[in-house]
Every structure is written in structure tokens, then in C-alpha cells.
**Q** 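Following this message is one structure expressed as C-alpha cells.
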Amino acid sequence: MKIDILTIFPDFFRGPLDYGIIRRAREAGLASIEVHDLRAFAHDRHRTVDDRPFGGGEGMVLKPEPIFECMEMLAIAPRAQRLGGSAKQSVVLLSAQGKRFEQGVAQELAALDRIVLICGRYEGVDERVSDFLADRELSIGDYVLSGGELGAAVIVDTVTRLLPGALGNEASSRQESFTAQAESPAGNGSGPSSTCASGGLLDYPHYTRPADFRGMGVPEVLVSGNHEDIRRWRRRTALEKTLRNRPDLLDRTTLSEEDQDLLAQITGPKHT
Ligand code: SAM
């Protein structure tokens with residue numbers, strides 16, 4: 001996958017792209033990530049990329065010219081000229097006003113060949129970028145950041161780890177929180193029978209050695225060696241945690257009969 005990031009702070013990405021899974025995915029050639037400095041596309045000697053908003057009001061707005069010119073350099077035409085094309089790509093404008101970036105969107109983006117991430121700053125980006133260039137506006141949450149760079153880093157990280165081969169163990173991305181891909185809680189027969197797909201819930205709790213840390217033990221079942229008991233415990237604790245921290249996810253998830261039984265044990269029969 002090719003990822004282009006348009007920003008006025010290219011150095012911001014020095015850290016986020018240089019560690020762990022993203023670094024390894026880049027080195028393995030799974031992801032090619034380029035960061036483009038929008039100031040390189042400004043024409044005055046101050047390399048101005050912002051201007052006051054028409055109609056008055058607070059703050060400054062990122063000008064359209066540097067963004068359109070950077071896209072031209074990348075050979076990406078305005079949206080209307082791309083519609084109907086066969087390219088598997090998406091131009092994303094980071095925006096607090098965008099649709100919420102969630103795991104399902106990350107999976108959609110990971111299936112593409114190319115994504116372009118445009119980072120806003122100041123009071124935002126001239127709306128013609130959204131109207132004529134971007135395929136979608138994405139928000140990473142209901143809060144206002146100073147710029148789109150953190151959002152772009154979040155998207156790059158989330159998408160990259162979904163690329164085939166990016167994780168050492170492909171099963172781990174299927175088991176993680178929010179992964180809606182329906183899979184039997186009993187597993188699909190290809191992995192250890194004690195692990196279970198999250199099926200849209202939060203992940204189950206994880207423990208590692210030592211089994212006794214300063215008097216804090218690990219749940220007995222996890223050292224029992226009984227894979228079926230472990231699987232049921234993991235599913236139950238995933239349901240408990242989801243109910244406690246993100247009950248909204250339960251409404252969006254199809255619960256198996258076993259899930260409903262486990263939930264009934266947690267909440268009592270009347271709440272199922
Ligand atoms: N005036 C805008 C508003 O109220 O919606 C906020 C602009 S914000 C200070 C500057 C830039 O940060 C935005 O153009 C966008 O690129 C980025 N940004 C802010 N919040 C974001 C969020 N929740 N998700 C993604 N990008 C965000």
C-alpha cells in the first residue's frame with residue numbers, strides 16, 4: 001500500500017512512522033509512506049500556507065493552492081475527474097467534522113492500494129478541498145485537535161497493522177477489540193481453541209508471567225490447561241468488559257446463544 005501524508009509539519013511524523021509494526025511494514029515493502037511538506041508548494045518568500053477567512057471571524061484557514069498543487073504533483077486529479085476510475089484509492093481529509101474513524105473504516109482503507117491523508121491546521125482547511133479533492137472526511141473522535149497530524153498517524157497505524165503480513169501472527173488482528181468479522185466464538189479450527197474472535201466486542205483480558213506478582217495472581221483458569229474453560233472465561237470477561245466500558249457495542253453485535261447465556265449469568269436473566 002502507498003500512503004501519502006500532506007502536512008505543514010512533516011517532522012511531526014519522524015517518530016510515529018519509525019517504530020514497531022509500521023517500521024517493519026515499511027522495511028518489508030508492505031507500506032510505502034511519504035510525507036509531503038505543504039510549504040514546499042507555497043509561492044511567496046514567507047512560504048505562506050494560510051490566510052484569513054472570508055466573511056471574517058477568528059483564526060486562519062489553510063489555503064487551497066498548496067494542497068491542490070501537491071495533489072497535482074502526486075498525479076491525483078480532482079474527485080470529479082477520478083469518479084468511475086478503477087484506482088483503489090481514497091483521499092482523506094482529517095477533520096473534526098468528519099465521519100468517525102472506526103475499525104470498520106480501517107478495514108475498508110486497508111483493502112485499497114493507496115490512501116492520501118490531508119492534515120488540516122488553524123481553524124481548518126478551505127472547504128474546496130473537501131468539496132473537490134477529498135473522497136471522505138474522517139474524524140478520530142469527538143474532540144478538537146490542533147491539527148490533523150495526530151489523526152493521520154492514528155489512521156496510518158491502524159491501517160498498516162491490518163495489511164497482510166504486517167503482524168507476526170495474522171490471528172491476532174482477528175481477535176482484537178472491535179473486529180466485527182463474525183467468527184465462531186469457538187474459533188475456526190485453525191488456531192488454538194482457547195482464543196476467540198472479539199466479534200465486535202472488546203478484547204478479553206491478557207496476563208503473562210509471573211503467575212504471582214507481588215501477591216497479585218492470575219485467574220486460575222488460565223493456568224488450568226483446559227482450552228474450553230479458557231475460551232469460555234475469555235468470552236465471558238470480554239462480555240463483562242464490554243458491558244462495563246462500551247455497552248453501546250452490545251447493541252451492534254450479534255450475540256450467540258452462548259453469549260446470551262454468559263450475559264445472563266453476568267447481569268441476571270431479566271437484562272438479556
Ligand atoms: N474549526 C474546526 C472545528 O471546529 O471543527 C477545528 C479545526 S482544528 C483546530 C485544526 C485541524 O485539526 C482540522 O482541520 C483537522 O485537520 C484537525 N482535527 C481537529 N480535530 C480533529 C479530529 N477530531 N479528527 C481528525 N482531525 C482533527
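Note that ligands are numbered from 1 as they come in the structure, with each ligand's atoms numbered from 1 the same way.
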**Q** If you measure from CD on E240 to CD on Q265, what distance do you get to the nearest 0.5 Å?
**A**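 If we round to the nearest 0.5 Å, E240:CD and Q265:CD are 9.5 Å apart.
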
**Q** Consider only side-chain heavy atoms of I, L, V, M, F, W and Y, link residues closer than 4.5 Å, and tell whether I21 and V156 are in one cluster.
**A**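 I21 and V156: separate clusters.
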
**Q** Above 12 or not: heavy atoms from other molecules or residues under 6.0 Å from CZ of R52?
**A**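 No - once you tally the heavy atoms of other residues, nucleotides and ligands closer than 6.0 Å, there are 12 at most.
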
**Q** Can you tell me which residue and heavy atom of the protein come closest to atom 8 (S) of ligand 1, and the distance to 0.1 Å?
**A**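 Protein heavy atom with the smallest distance to atom 8 (S) of ligand 1: L145 O, 3.2 Å.
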
**Q** Could you list the atoms of ligand 1 found under 4.0 angstrom from a heavy atom of G148?
**A**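 So the answer, numbered in order with elements, is 12 (O), 16 (O), 17 (C).
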
**Q** What protein heavy atom is closest to atom 26 (N) of ligand 1, reported as residue, atom name and distance in Å?
**A**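 Heavy-atom neighbour on the protein nearest atom 26 (N) of ligand 1: S95 N, 3.5 Å.
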
**Q** With heavy atoms of Q97 as the reference, note each atom of ligand 1 found under 4.0 Å away.
**A**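 Every atom of ligand 1 under 4.0 Å from some heavy atom of Q97: 2 (C), 3 (C), 5 (O).
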
**Q** Can A96 be said to touch ligand 1, with heavy atoms closer than 4.0 Å?
**A**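 A heavy atom of A96 does come that close to ligand 1.
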
**Q** Counting each atom of ligand 1 from 1 as listed, which ones have a heavy atom of G124 under 4.0 Å away?
**A**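 Ligand 1 atoms under the 4.0 Å threshold to G124: 14 (O).
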
**Q** Hey, could you give me the CG/CZ distance between L201 and F178, rounded to the nearest 0.5 Å?
**A**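 Those atoms lie 10.5 Å apart.
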
**Q** Record the part of L138 in heavy-atom contact with ligand 1 below 4.0 Å; permitted values are side chain, backbone, both and neither.
**A**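 Within the 4.0 Å criterion, L138 contacts ligand 1 through backbone atoms alone.
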
**Q** Going by side-chain hydrogen bond (donor to acceptor under 3.5 Å, both in side chains), E258 matches just one of R236, R235, R232. Which one?
**A**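 Testing E258 for a side-chain hydrogen bond (donor to acceptor under 3.5 Å, both in side chains) against R236, R235, R232 leaves exactly one candidate, R232.
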
**Q** Which ligand 1 atoms, with their elements, are less than 4.0 angstrom from a heavy-atom of G120?
**A**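 Numbered from 1, ligand 1 contributes 11 (C), 14 (O), 16 (O).
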
**Q** Which residue supplies the protein heavy atom nearest to atom 1 (N) of ligand 1, what is that atom called, and how far is it?
**A**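 I find the closest protein heavy atom is E123 O, 2.9 Å.
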
**Q** Please determine if R24 and E27 form a salt bridge, counting it only when a charged side-chain N lies under 4.0 Å from a carboxylate O.
**A**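 Looking at E27 together with R24, the answer is no, because their closest N to O distance does not fall below 4.0 Å.
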
**Q** Of the protein's non-hydrogen atoms, which lies at the shortest distance from atom 10 (C) of ligand 1, and what is that distance?
**A**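 Answer for atom 10 (C) of ligand 1: Y122 O, 3.3 Å.
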
**Q** Give me the nearest non-hydrogen protein atom to atom 23 (N) of ligand 1 as residue plus atom name, then the distance to 0.1 Å.
**A**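 The closest one turns out to be Y143 O, 2.8 Å.
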
**Q** Taking S177 for its side chain and D203 for its backbone only, find out whether a donor-acceptor pair lies under 3.5 Å.
**A**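 Looks like yes, one N/O pair under 3.5 Å.
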
**Q** On a heavy-atom basis, I'd like to know which of L94, V125, V92 is closest to atom 15 (C) of ligand 1.
**A**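 Checking each option, the heavy atom nearest atom 15 (C) of ligand 1 is found in L94.
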
**Q** What atoms of ligand 1 come within less than 4.0 Å of a heavy atom belonging to V144?
**A**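 Close to V144: 6 (C), 8 (S), 9 (C), 20 (N).
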
**Q** Please check whether I140 reaches ligand 1 - meaning an N/O of the residue sits under 3.5 Å from an N/O of the ligand, judged on distance alone.
**A**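 By distance alone, the answer is yes.
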
**Q** Is the closest side-chain donor-acceptor distance between R136 and S90 under 3.5 Å?
**A**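 Side-chain D/A pair, R136 to S90: present.
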
**Q** So, K2 and D113, do they make that salt bridge, N to O below 4.0 Å?
**A**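 So K2 does not pair with D113 through a salt bridge.
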
